[in-house]
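To keep things clear, I will list the structure first and then write my remarks on it.
Scope of the values below: all heavy atoms of this structure, side chains included, with no hydrogens, waters or symmetry mates.
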Amino acid sequence: MAKPKNNAKKLSYISVPSQIINSISSSSLQSLLDSPKKSSRSTIFTKPTIWFLSLFLVGFFGMFKFSFNTNTPFPPKPCATTHQKFSISNHHSKSKLGVGVDYKNEFLKKGTWKQEQEQILVSHVELRAQGINDDGGVEKKSEFWKQPNGLGYKPCLSFSNDYRRESERILKDRRKYVMVVVSGGMNQQRNQIVDAVVIARILGAALIVPILQVNVIWADESEFSDIFDLEHFKKVLANDVRVVSALPSTHIMTKPVEGRPPLHATPSWIRTRYLKRLNREGVLLLRGLDSRLSKDLPSDLQKLRCKVAFNALRFSKIIEGIGNKIAERMKSKGPYLALHLRMEKDVWVRTGCLPGLSPDYDEIINNERIQRPELLTARSNITYHERKMAGLCPLNAMEVTRLLKGLGAPKSAKVYWAGGKPLGGKEALLPLIQEFPNFYNKEDLALPGELQPFVKKASLMAAIDYIVSQKSDVFMPSHGGNMGHAIQGHRAFTGHKKYITPNKRHMLPYFLNSSLSEEEFNMIIKELHQDSLGKPELRTNKIRRDVTKYPVPECMCNDSHVQS
């Protein structure tokens, strides 16, 4: 069958700075585009041709001149040198994981980059970053970015009169000191520091700045002040617990009382177990505080927990600086989604789950688990499939992609992904990259040398991810874990910003149902998650849950003072 003729003229477009376009009338441009080519040598020097060549030269030199002043798609201020070819490229150059656009080498070749001019940023497609869809139209604001109703809840950390009176006595005490050694990754350490402050308060003792144990997996030797702002920490807690950097000389030779509380220890247990010996010896050394302090504490101690987690534990200035810059680069052209992807090798080993990439990768995980059975922290009496269907496994990239599409995430959404290098590298992320091409991590967004101070510092890198994730418009973890829980509580405390909790146990059967149409699948996914998008959840309905994950009602209240 003969193809139908298309008589419509096909127009081609070139990128020309607006300053040049404004100087040319629309009729002139149209005449240029509609003018037929002339091949005869006798017409080479006719006036229309001269006019065309003149415009071409003016446009060329204008583009050359103004290309150095063109705004990049993300930063609020233009950089000294930005090239148009980066803003219209739709190809992925390789970063450390092969994701995003590597603009840095080209930029350095020009020799014009300066450290203080750090506003340049990567982009995949400038028009897409400006809110233009692939069809050339302005994209409608997606419902995906709609925030939950916070029901008027705001931070509410007023302490009782008894608490304040007791503070005067505690802060004057110079005889008792509590030392703590915290373990695990940055977010796990953060949780233990919160509990260390509360235990010091329970015992009426001063707290020595917590010691961070070097983790076997991450081998990060960072100290407290490398990650957190120590002076801010002391200042915020000045009316609650006295925080000192080291033992005074009067206690240097003291042999400390060592302890390791049981799981969910109550304040009365802690006083009964340690207070008498602490009064006698003067120093108590605690280790392994993870989940050792009860989650159900008196109201004032719950408020103290929130005060430490959300106010006192601010990251160090250097981490805050780079984290805020990267967040601003993501935010500069509209909303963005932050994903915390738990797809590292050790995560698959510890959870007893399989990555689902290929039989070869599954074999790698199974062999590692056989050789190092101590790494398996999940229940070992159920099969992988049973664990998966119970919602106990991290989502892989394909599952995350289907979930986000089902929830209405637009293809043009800017996505920041946090987490370590996934098992399988870039290939493990391909479903996400293909569906959401504006896909970045901190390595993609950082300027040359910006991350150098944090190389081989896993805790500091995790802190950067925490800041960018916390400032996102929407956040979703692929698995629970300490970071996901910490950010859930933090986002609630700062106004119940949208937080998607994947309903894995209920949604996975529908992932396996191939008879469902895409429309039916999406409708089911939205219905399953209508109550899992970050709206206020009362901790009183979740006894034994951490108040730093569910700060309502102990740490937040609303105008109606709802406490039910």
N324 side-chain N/O to G321 backbone N/O, donor-acceptor pair under 3.5 Å: no
Any side-chain donor paired with an acceptor under 3.5 Å for T494 and Q470? yes
Assess whether ring pair (Phe, Tyr, Trp, His ring centres under 6.0 Å) is satisfied between F233 and F228, documenting all intermediate values. CA-CA 8 Å; F233 184 74; F228 304 104; 7.7 Å; no
Side chains of L304 and L237 in contact at under 4.5 Å (non-hydrogen atoms): yes
Polar contact flag, side-chain donor to acceptor under 3.5 angstrom, N191-N482: yes
Heavy-atom side-chain proximity of I322 to L451 below 4.5 angstrom: yes
Heavy-atom pair of closest approach, residues L429 and A397: CA-CB, 4.1 Å
Classify the ring geometry of Y416 against Y336: parallel below 30°, tilted from 30° to 60°, perpendicular beyond 60°. perpendicular
Given side chains that start at C-beta, do those of L203 and I199 come closer than 4.5 Å, heavy atoms only? yes
Closest heavy-atom contact between L395 and M343? O-CG, 4.2 Å
Please report the interatomic distance CG(L286) to CE(M179), rounded to the nearest 0.5 Å. 10.5 Å
Contact between E368 and E363 at the side-chain level, heavy atoms closer than 4.5 Å - yes or no? no
Could you check whether the rings of W269 and Y274 sit parallel, tilted or perpendicular, using 30° and 60° as the cut-offs? perpendicular
For D296 and S294, does a side-chain donor sit closer than 3.5 Å to a side-chain acceptor? no
With ring pair (Phe, Tyr, Trp, His ring centres under 6.0 Å) as the criterion, how do F521 and F511 come out once you've worked through the C-alpha distance, each side chain's angles and the decisive distance to 0.1 Å? CA-CA 8 Å; F521 177 82; F511 278 57; 5.3 Å; yes
Please say which of W417, Y466, Y499 ends up in a ring pair (Phe, Tyr, Trp, His ring centres under 6.0 Å) with F475. Y499
Within this structure, what is the CD-CE distance for the pair Q434 and M398, rounded to the nearest 0.5 Å? 8.0 Å
Within-4.5 Å side-chain heavy-atom neighbours: L337 and S472: no
Taking every non-hydrogen atom, the tightest pair across R190 and A486: NH1-CB, 4.0 Å
Is there a salt bridge (Lys or Arg N to Asp or Glu O under 4.0 Å) between D226 and K457 once you walk through the steps? CA-CA 10 Å; D226 295 324; K457 298 283 186 179; 5.4 Å; no
Any donor-acceptor pair under 3.5 Å from K303 side chain to E554 backbone: yes
So, the side chain of Q147 versus the backbone of K498: is there a donor-acceptor pair under 3.5 Å, distance only? yes
Keeping R369 on the side-chain end and W348 on the backbone end, is there a donor-acceptor pair under 3.5 Å? yes
Beyond-backbone contact of V415 with Y440, side-chain heavy atoms, under 4.5 angstrom: no
Given the rule in the salt bridge (Lys or Arg N to Asp or Glu O under 4.0 Å) test, do R329 and E450 qualify, once you have shown the distances and angles that lead to the verdict? CA-CA 14 Å; R329 291 166 190 169; E450 270 189 322; 2.9 Å; yes
Validation row: R287, E258 side chains within 4.5 angstrom (heavy atoms): yes
Of L432, N396, L430, which is the lone residue that meets side-chain contact (heavy atoms from CB on, under 4.5 Å) with T401? L432
Can a donor-acceptor pair be found between the side chains of D546 and T548 at a distance below 3.5 Å? yes
Would you say NZ of K497 has more than 12 non-hydrogen atoms from neighbouring residues, nucleotides or ligands within 6.0 angstrom? yes
Going by atom types alone, do H506 and N503 pair a side-chain donor with an acceptor below 3.5 Å? yes
Apply side chain to side chain contact (heavy atoms under 4.5 Å, CB included) to residues L339 and V400 and explain how you reach the verdict. CA-CA 9 Å; L339 292 176; V400 171; 4.0 Å; yes
Cation over ring, R201 on Y163, under 6.0 Å and within 45°? yes
Take L512 and M389, measure what side chain to side chain contact (heavy atoms under 4.5 Å, CB included) needs, and give me the verdict at the end. CA-CA 11 Å; L512 303 176; M389 299 311 294; 4.1 Å; yes
From CD1 (I487) to CD1 (I467), nearest 0.5 Å: 10.5 Å
Reported NZ-to-CG distance for the pair K307 and D300, which is rounded to 0.5 angstrom: 11.0 Å
Check the pair N558 / K154 against side chain to side chain contact (heavy atoms under 4.5 Å, CB included), numbers first and verdict last. CA-CA 6 Å; N558 60 14; K154 297 180 180 179; over 6 Å; no
Looking only at side-chain N and O atoms, does K504 offer a donor or acceptor that is under 3.5 Å from a partner on H479? yes
I need the minimum non-hydrogen distance between P410 and W145, along with the two atoms involved. CG-NE1, 4.0 Å
For I227 and I319 the tightest heavy-atom approach is O-CD1, 3.7 Å
Rounded to the nearest 0.5 Å, how far apart are CG of N149 and NZ of K535? 9.5 Å
Is it the case that more than 12 heavy atoms not belonging to Y384 sit under 6.0 Å from its OH atom? yes
Is the number of heavy atoms from other residues, nucleotides or ligands within 6.0 Å of CD (E386) greater than 12? yes
Could you tell me whether the side chain of D229 and the main chain of R314 form a donor-acceptor pair under 3.5 Å? no
Within the supplied structure, the quantity of interest is the number of heavy atoms (other residues, nucleotides, ligands) at a distance under 6.0 Å from Q530 CD; does it exceed 12? yes
Measuring only between side-chain heavy atoms, which start at C-beta, is C306 closer than 4.5 Å to L157? yes
Would D360 and S358 count as a side-chain hydrogen bond (donor to acceptor under 3.5 Å, both in side chains) if you check the C-alpha gap in whole Å, the side-chain angles of each, and the deciding distance to 0.1 Å? CA-CA 5 Å; D360 291 339; S358 70; 4.7 Å; no
Set out, in order, the CA-CA distance, both residues' side-chain angles and the distance that settles side chain to side chain contact (heavy atoms under 4.5 Å, CB included) for K442 and V468, then state yes or no. CA-CA 9 Å; K442 53 188 172 292; V468 184; over 6 Å; no
When you measure from the side chain of D465 to the backbone of G419, do you find a donor-acceptor pair of N or O atoms at a distance under 3.5 Å? yes
Could you tell me the separation between the CG atom of L407 and the CG atom of L533, rounded to the nearest 0.5 Å? 7.0 Å
Any donor and acceptor pair, going by atom type alone, linking the side chain of Q192 with main-chain N or O of Q188 inside 3.5 Å? yes
For the pair C555/C156, is the SG to SG distance below 2.5 Å? no
R539 (side chain) donor-acceptor with R545 (main chain) under 3.5 angstrom: yes
Any luck finding a side-chain donor-acceptor pair between S299 and Q302 under 3.5 Å? no
Side chain of T351, backbone of C393: donor and acceptor closer than 3.5 Å? no
Residue pair P394 / K388: nearest heavy atoms and the distance that separates them: O-NZ, 4.0 Å
